[in-house]
2 protein chains.
Amino acid sequence: MSREAGRRSGRRPGTSGAREQILAAARSAFADNGYDGTTIRRVARAAGVDPALVHHYFGNKRQLFVDAMDLPANPAEIIEGLVATGDPEDLGERMIRFMLNVWDQEEDRAPLVAIVRTAMSDDQAATMVREFATTEILGRIVKAARGDNQDLRMTLLASQVFGLLIMRYIIKLEPLASAHPETVALAMGPTFQRYLTGPISQASSIGASRTERSAPVERSSTNISSDS
Amino acid sequence: MSREAGRRSGRRPGTSGAREQILAAARSAFADNGYDGTTIRRVARAAGVDPALVHHYFGNKRQLFVDAMDLPANPAEIIEGLVATGDPEDLGERMIRFMLNVWDQEEDRAPLVAIVRTAMSDDQAATMVREFATTEILGRIVKAARGDNQDLRMTLLASQVFGLLIMRYIIKLEPLASAHPETVALAMGPTFQRYLTGPISQASSIGASRTERSAPVERSSTNISSDS
DNA sequence: CGTTGAGTTCAACACTTGTTGAATTCCTTG
DNA sequence: CAAGGAATTCAACAAGTGTTGAACTCAACG
């Protein structure tokens, strides 16, 4: 990791692998601190090189992010495979097992966490994620599973996927963060499955719940302005 | 909104309400851009005042955030009321209706969105949210509902609450973002209810799913280093 | 061995940020 | 109307940022 750091200038002897070290440091930094929270100077220090070397290889910060986030696999293909494999009644649990299988490996998770963190940072980034998720990922899953209310099912599913991702890997709420993948698959599987193929527009809770119910809390319609 | 902007210096005539305008601009800015993405200069410009006035009133950026985020109600009390009101079999739907009732009002939602955005920005903020959510909010809900696996139920619930919050108000994925509250209550109610009081550790999917299943995807154990 | 080019560092620029102290204008109280 | 204090702005500082160009050192190739 650390060669002699005291050299004044010029090329270091031997094969340094500095480019890969910069990429690894960038992945880690973006995942931990988000895009804005990551400085090129800190990435460079973590990689043991000069900040200018980062620009030498990647041009600018945005390109460093793009190169560091380079996803190993095409999500579209993976989804096609998942959907085509087993019978649709198992798709929910299969999805969970697959996702945890990938994300429980830190080096595979880092790019995704970094992207999610960045997506939450401001409105513009959120829009990019919305469009990508809509067209590239979610549509394929739900289309392959059932017919009615596809769009709503898609977004319900997305909400639980995001919630799982955030709670397990970002907020790290225990015991979910350390739970065995199979525990999660069993606990969340029915939720995924119901969003995919179950009933979602009837009052189908466990006890016999009344369907109509008045709002239990009255809204306070106060406004902030103080101009009387 | 805009008084005469060309005055050179000194106090402006009349009651300006600048302090409230700064707070409103800060809430909006923190909600849209997160903590780091919000600059005091932009808040000041949106409020039509000089940046120094922000420091005059709030001292520093952190305190501006705290004052702007000042929540209108005590979450602990609200939860106690929700839990005590009806029978436990309805708690899931009641929670959803209540949350949407509050968050669908933009001025009530802004502080929460700002806090969530900030919580996602880096690890340190995530830790703060984790501790607050654990001790102040989630524990009370689940404790009042059922006995077994309380901690796991709590985090499962949190994942779906966060997912809903993020998808509806931050990523704004349609049709969930614009769906009628009752639609959401009916669609997500069973999920909430099952996490609260339903079975969560058995293979209880809709079709007869086999309980044990080998991993459907083989892990690629490649590492990043290129040193051959 | 000389040349060329890639790897690497140094030093600096232009910019933005949070923050501060002094100066100016108005309101309020006597 | 005089005085004190609050509201407001101006101008500046120190720190940190992404980025750039020049300089230096090594490896490879003829």
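Every chain is numbered from 1, with letters handed out A, B, ... down the list of sequences. No hydrogens, no waters, no symmetry mates; every other heavy atom, side chains included, goes into these values.
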side-chain N/O A:Y57 vs C:dT8 OP1/OP2, d < 4.0 Å: yes

Distance below 4.0 Å between B:H55 side-chain N/O and C:dT19 OP1 or OP2: yes

Rounded to the nearest Å, what distance is computed from the [atom1] atom of residue [X] to the [atom2] atom of nucleotide [N]?
| X | N | atom1 | atom2 | value |
| --- | --- | --- | --- | --- |
| B:Q63 | C:dG18 | CD | P | 16 Å |
| B:L64 | C:dT17 | CG | P | 15 Å |
| A:E20 | C:dG7 | CD | C1' | 15 Å |
| B:Y35 | C:dT17 | OH | C1' | 12 Å |
| B:L53 | C:dC26 | CG | P | 16 Å |
| A:D36 | D:dG16 | CG | P | 18 Å |
| A:Q21 | C:dT8 | CD | C1' | 13 Å |
| B:H56 | D:dG5 | NE2 | C1' | 10 Å |

Donor-acceptor under 3.5 Å (A:R97 side chain, A:G92 main chain): no

Flag, side chain of A:R130 to backbone of B:L173, donor-acceptor distance under 3.5 Å: no

Heavy-atom neighbours of B:E106 CD exceed 12 at 6.0 Å: no

Mutual orientation of the aromatic rings belonging to B:F30 and B:Y35 [parallel < 30°, tilted 30-60°, perpendicular > 60°]: parallel

Pair of N/O donor and acceptor under 3.5 Å linking D:dG18 base with A:R41 side chain: yes

Qualifying salt bridge (Lys or Arg N to Asp or Glu O under 4.0 Å) pairs, either residue in residues 170-180 of chain B, two or more places apart: none

Candidate nucleotides C:dT17, D:dT19, C:dG21, ranked by approach to the side chain of B:T39 - the nearest: C:dT17

Closest to the A:A52 side chain, choosing from C:dC10, D:dT19, C:dT8: C:dC10

Ionic contact status for A:R117 with B:D123, cut-off 4.0 Å: yes

Residue list, salt bridge (charged side-chain N to carboxylate O under 4.0 Å, His left out) with B:D67, at least two apart or on another chain: none

Earlier contact from the 5' end, DNA chain D, for A:R42 and A:D50: A:R42

Axial bend angle, the helix from C:dC1-D:dG30 to C:dG30-D:dC1: five-pair end segments, nearest 10°: 0°

